[in-house]
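Scroll down for the structure; my scribbles are underneath it.
Whatever order the structure lists them in is the order used to number ligands and atoms, beginning at 1. Values in this document were obtained by computation on a predicted structure and should not be read as measured data.
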Amino acid sequence: MTAHRGEPLLILGGGLMGLAIAHQLARSGRNVEVLSRRRNEAAGFVAAGMLAPHAEGLSGSLLTLGQASLERIPGWVGQIEAVSGLSCGLRPCGIVVPFATAGERDAYPTAAWGEPLDRPGLEREVPGIGSGWRAGLLFAQDGQIDNRRRLMRALERACAGLGVRFQEGVEVLELLRDGGALQGVRLRTAEGELQELPAQAAVLCCGAWSSQLLPELPIVPVKGQMLSLQGPRDALGRVIFGPGTYLVPREDGLLVVGATSEREAGFHEGLTPAGQRQLQAGIAALLPEASQWPPMERWWGFRPCTPDEGPLLGASPLPGLWLACGHHRNGVLLAAITAELLQAAIDGSRDAAQQALLAAFRWDRFG
Ligand code: GLY
């Protein structure tokens, strides 16, 4: 399906998925407009930016999707950097997953993709690691990107450079239908004006809020609290991915620490003492010296979670509306493949591999 000449394809949501898809479509010459409600609540600004299909222990189609995206990330980032003139802060630094025993290590779902480490190996890869960890897996192919400070901004600038139009502070209130197909959206502008915007094609990428526009979608919020510490530069070379806490060292010594996983919190905003204590305990267990590093920032956000924790990609129950939502813990990793798959779906140009991934992540796969 194509947007009519003069009528933009609408991207509903200005987070990482929205920007990645807008960028991809604008590169192919499409007229694209991004509608964003509140830029800073986008999960792309909240996440730690791990590129971790193996460290996260993914399996099945989600692992395949994650590995496909990981492969594409260097080229995808190169395009964004070339158009924007900004660095995205990609660091192929490897990720270490520590375990209390070798048995736990060997049972990890992605153990076959990692290098097994014993205690001396762990100390070599992560000097100063807590004494409770006796084994580990090194996933040298995993890494991180500086999503909050760099990637999001570079994508915004690349999109604007490619002619994408942006509306910020706009709330989409309703999808308008005509004869069962998308006809446009009803929205409220930042200035409080109600408007109807005609559109025969749109992509829904409103993250945890996606089911508010399309209640058929099985997406619920899973809150995550995070913090960052200022460490010495180069104190930590690898990401450490522990149970319940991970430490992501940026190039300038900022250590991003995540994350709680609170299903019961719904959309309840704010930090909690229990959440912050959990992160503090995780830091002390993983890298005791980091407990002394000063905290720089504390924040929270909402992961968009589906019943199998995989995204909803491609066609929706409403012809003309496409889906790119429900990426749960893996949105930063999956942005590159999501943009490619959505373009293939919208253009009707999918190859067999793209078709297989789109089929695996249909919105109605849950029966
Ligand atoms: N990707 C890690 C998280 O969602 O906490």
Side-chain angles (χ1 to χ4, degrees), residues 15-17 20 41-59 62-63 65-67 69-70 73 89-91 93-98 108-110 137 139 141-149 151-152 207-210 219-229 238-250 254-267 271-272 274-276 278-283 285-286 297-311 325-338:
L16 178 53
M17 295 308 147
E41 74 188 0
F45 283 115
V46 176
M50 279 183 295
L51 306 172
H54 306 97
E56 286 265 5
L58 304 184
S59 58
L62 193 51
L63 177 61
L65 188 72
Q67 288 174 325
S69 206
L70 188 65
I73 280 170
L90 178 63
R91 282 190 97 184
C93 58
I95 302 185
V96 169
V97 184
Y108 203 61
T110 46
L137 286 167
F139 297 106
Q141 65 277 56
D142 287 1
Q144 58 156 308
I145 190 163
D146 196 342
N147 54 303
R148 273 163 69 75
R149 298 185 300 178
L151 172 64
M152 293 293 281
W209 295 268
S210 297
I219 296 182
V220 295
V222 177
K223 182 177 175 181
Q225 298 182 46
M226 306 187 64
L227 59 88
S228 62
L229 307 172
R238 308 265 192 207
V239 172
I240 317 179
F241 185 90
T245 310
Y246 45 80
L247 310 181
V248 184
R250 302 295 195 221
L254 192 76
L255 190 71
V256 178
V257 180
T260 62
S261 194
E262 304 167 55
R263 286 176 186 264
E264 67 296 343
F267 281 113
L271 303 171
T272 64
Q276 295 298 301
Q278 176 195 314
L279 298 180
Q280 227 46 71
I283 295 165
L286 289 173
E297 202 183 349
R298 299 179 195 268
W299 69 97
W300 70 91
F302 301 100
R303 305 176 185 86
C305 187
T306 66
D308 64 6
E309 305 189 350
C325 45
H327 292 75
H328 190 224
R329 298 179 60 90
N330 299 295
V332 179
L333 167 68
L334 297 177
I337 189 76
T338 295

Are any side-chain N or O atoms of Ser69 and backbone N or O atoms of Ile337, one a donor and one an acceptor, separated by less than 3.5 Å?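 Looks like yes, one N/O pair under 3.5 Å.
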
Under 3.5 Å: donor-acceptor pair, side chain of Arg91, backbone of Pro249: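 The answer is yes, because a donor-acceptor pair under 3.5 Å joins these two groups.
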
Mind telling me whether Trp209 and Phe302 have parallel, tilted or perpendicular rings, with 30° and 60° as the class edges?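 Phe302 and Trp209: perpendicular rings.
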
Check the pair Glu309, Glu56 against side chain to side chain contact (heavy atoms under 4.5 Å, CB included), reporting the backbone distance first and the verdict last. CA-CA 12 Å; Glu309 305 189 350; Glu56 286 265 5; over 6 Å; no

Distance filter under 4.0 Å to Glu56 heavy atoms, resulting ligand 1 atoms: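 Those atoms are 1 (N), 2 (C).
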
Using a strict cut-off of 4.0 Å, indicate which atoms of ligand 1 neighbour a heavy atom of Ala259.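 Listed by number with element, the hits are 5 (O).
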
Heavy atom of the protein closest to [atom] (residue, atom name, distance):
{"atom": "atom 4 (O) of ligand 1", "result": "Arg303 NE, 2.7 Å"}
{"atom": "atom 3 (C) of ligand 1", "result": "Tyr246 OH, 3.1 Å"}
{"atom": "atom 1 (N) of ligand 1", "result": "Arg329 O, 2.6 Å"}

Does Met226 come within less than 4.0 angstrom of ligand 1, counting non-hydrogen atoms of the residue?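 No; Met226 lies far enough from ligand 1 that no heavy-atom distance drops under 4.0 Å.
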
Yes or no on side chain to side chain contact (heavy atoms under 4.5 Å, CB included) for Leu333 and Ile73, after CA distance, side-chain angles and deciding distance? CA-CA 8 Å; Leu333 167 68; Ile73 280 170; 4.3 Å; yes

Just heavy atoms, cut-off under 4.0 Å: does His328 contact ligand 1 by side chain, backbone, both, or neither?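 The answer is neither.
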
Is the closest side-chain donor-acceptor distance between Gln225 and Gln278 under 3.5 Å?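 There is no such pair between these side chains.
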
